[in-house]
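Heads up: the structure comes next, in structure tokens.
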Amino acid sequence: MIQIHDKQFVPFITASEIDAVITKMARQAEEDLKGEIPVFIGVLNGSFMVVSDYVKKYTQPCEVSFVKLASYEGMATTSTVKQLIGLNQSLEGRTVVVIEDIVDTGNTVAELKKIFEGHNLKALKIATLFFKPDAYKQDIKLDYIGFEIPDKFIVGYGLDYDGQGRNLPQVYQLKE
Ligand code: IMP
Ligand code: MG
């Protein structure tokens, strides 16, 4: 058991289980993306570890980039608009694979999809290491899913609890 801030967490998924699942995800993408040079785009901060391990297992030509979703207040003060920061290349005609650490409600994925739709991609695919099906509120298809997990808070392997825990090589779940 570990403690982060005021909460206790118990071991949930080991580093070797994560490794095996990421290998499987990379193999699936290799099969699907034969003959393409996909652009893998990690969504910071949480995805830094999964992207690093994933692309090492992807043996075909590819590009790797990172973005961050920032919210700012729209002109009408009531609306919050999401903006992508860090994208500094044209993605026109490209196959983009967004790599997420976790998809929970799906709000982030929906924002990303909306933003990338404006970039004239050839195709947009979504990969996520963790998926909470019971929390998901979108119809957007997720192309590559590592683990389907219960709707409970987890930390480690890039995921944080209030800023901490990202460095843990395995994943822990909030203790009941
Ligand atoms: P969304 O609800 O799918 O938009 O997910 C929003 C964000 O919440 C994710 O990108 C994570 O940063 C964070 N998040 C969701 N569930 C967890 C969790 O169990 N642990 C840590 N962060 C989480
Ligand atoms: Mg977070």
Side-chain angles (χ1 to χ4, degrees), residues 1-22 25-26 29 39-55 64-74 78-87 96-119 124-176:
M1 201 177 65
I2 59 164
Q3 173 113 15
I4 300 176
H5 299 301
D6 57 326
K7 299 261 190 302
Q8 294 182 321
F9 293 85
V10 292
F12 181 47
I13 298 176
T14 66
S16 70
E17 287 168 327
I18 294 169
D19 189 78
V21 159
I22 292 179
M25 292 170 75
V39 187
F40 292 114
I41 298 186
V43 185
L44 293 173
N45 292 326
S47 75
F48 72 98
M49 261 194 210
V50 55
V51 172
S52 170
D53 286 341
Y54 180 98
V55 298
V64 185
S65 189
F66 287 91
V67 295
K68 202 159 184 165
L69 258 189
S71 355
Y72 64 96
E73 295 298 316
T78 47
S79 69
T80 308
V81 183
K82 294 278 188 182
Q83 188 191 26
L84 263 195
I85 52 180
L87 195 64
V96 169
V97 182
V98 168
I99 301 181
E100 276 277 25
D101 48 351
I102 189 163
V103 173
D104 185 35
T105 63
N107 290 343
T108 307
V109 157
E111 293 289 348
L112 289 166
K113 187 161 185 263
K114 207 162 63 184
I115 292 168
F116 281 116
E117 268 165 4
H119 283 78
L124 177 66
K125 290 181 182 286
I126 296 163
T128 186
L129 181 59
F130 297 105
F131 176 47
K132 293 178 177 171
D134 295 339
Y136 196 57
K137 295 194 179 70
Q138 301 288 335
D139 306 318
I140 300 163
K141 174 179 149 248
L142 305 175
D143 299 275
Y144 308 106
I145 296 170
F147 298 94
E148 293 199 358
I149 60 168
D151 187 10
K152 285 187 187 170
F153 196 81
I154 59 171
V155 288
Y157 199 75
L159 290 157
D160 71 302
Y161 167 48
D162 199 11
Q164 290 185 29
R166 293 194 197 277
N167 57 316
L168 297 165
Q170 61 175 306
V171 169
Y172 294 80
Q173 189 179 55
L174 184 63
K175 191 169 177 258
E176 291 302 306

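Each ligand, and each atom within it, is numbered from 1 in the order the structure gives. Side chains are part of it too, since the values below use all heavy atoms of this structure and drop only hydrogens, waters and symmetry mates.
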*Using a heavy-atom cut-off of under 4.0 Å, does the side chain or the backbone of L159 touch ligand 1, or both, or neither?*
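Just the side chain.
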*Quick one: does ligand 1 sit under 4.0 Å from the side chain of D160, the backbone, both or neither, non-hydrogen atoms only?*
backbone
*What atoms of ligand 1 come closer than 4.0 angstrom to any heavy atom of K132?*
16 (N), 17 (C), 18 (C), 19 (O)
*With a 4.0 Å cut-off on heavy atoms, does G46 reach ligand 1?*
no
*Decide whether an N or O pair under 3.5 Å exists between T108 and ligand 1.*
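Looking only at distances, the answer is yes, because the N/O contact criterion of under 3.5 Å is met.
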*Just distances here: any N/O of F153 and N/O of ligand 1 closer than 3.5 Å?*
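N/O-N/O distance under 3.5 Å: no.
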When you measure from the side chain of [X] to the backbone N and O of [Y], does any donor-acceptor pair fall under 3.5 Å?
X    : Y    : answer
Q3   : H5   : yes
K132 : K152 : yes
D143 : A127 : no

*Decide side-chain contact (heavy atoms from CB on, under 4.5 Å) for L174 and Y161; before the verdict, give the C-alpha distance in whole Å, the side-chain angles of both, and the deciding distance to 0.1 Å.*
CA-CA 10 Å; L174 184 63; Y161 167 48; over 6 Å; no
*asked:* Given N45, V155, I102, N107, identify the one with the heavy atom nearest to atom 11 (C) of ligand 1.
replied: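 Shortest heavy-atom distance from atom 11 (C) of ligand 1: I102.
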*asked:* Measuring from atom 3 (O) of ligand 1, which candidate in V43, V109, D104 has the nearest non-hydrogen atom?
replied: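 Nearest heavy atom to atom 3 (O) of ligand 1 lies in D104.
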_Side chains of Q138 and Y136 only: does a donor on one sit below 3.5 Å from an acceptor on the other?_
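There is no such pair (donor and acceptor under 3.5 Å, judged by atom type) between the side chains of Q138 and Y136.
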*Answer yes when K114 and E117 have at least one side-chain N-carboxylate O distance shorter than 4.0 Å, and no when they do not.*
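Result for this pair is no, no salt bridge flagged.
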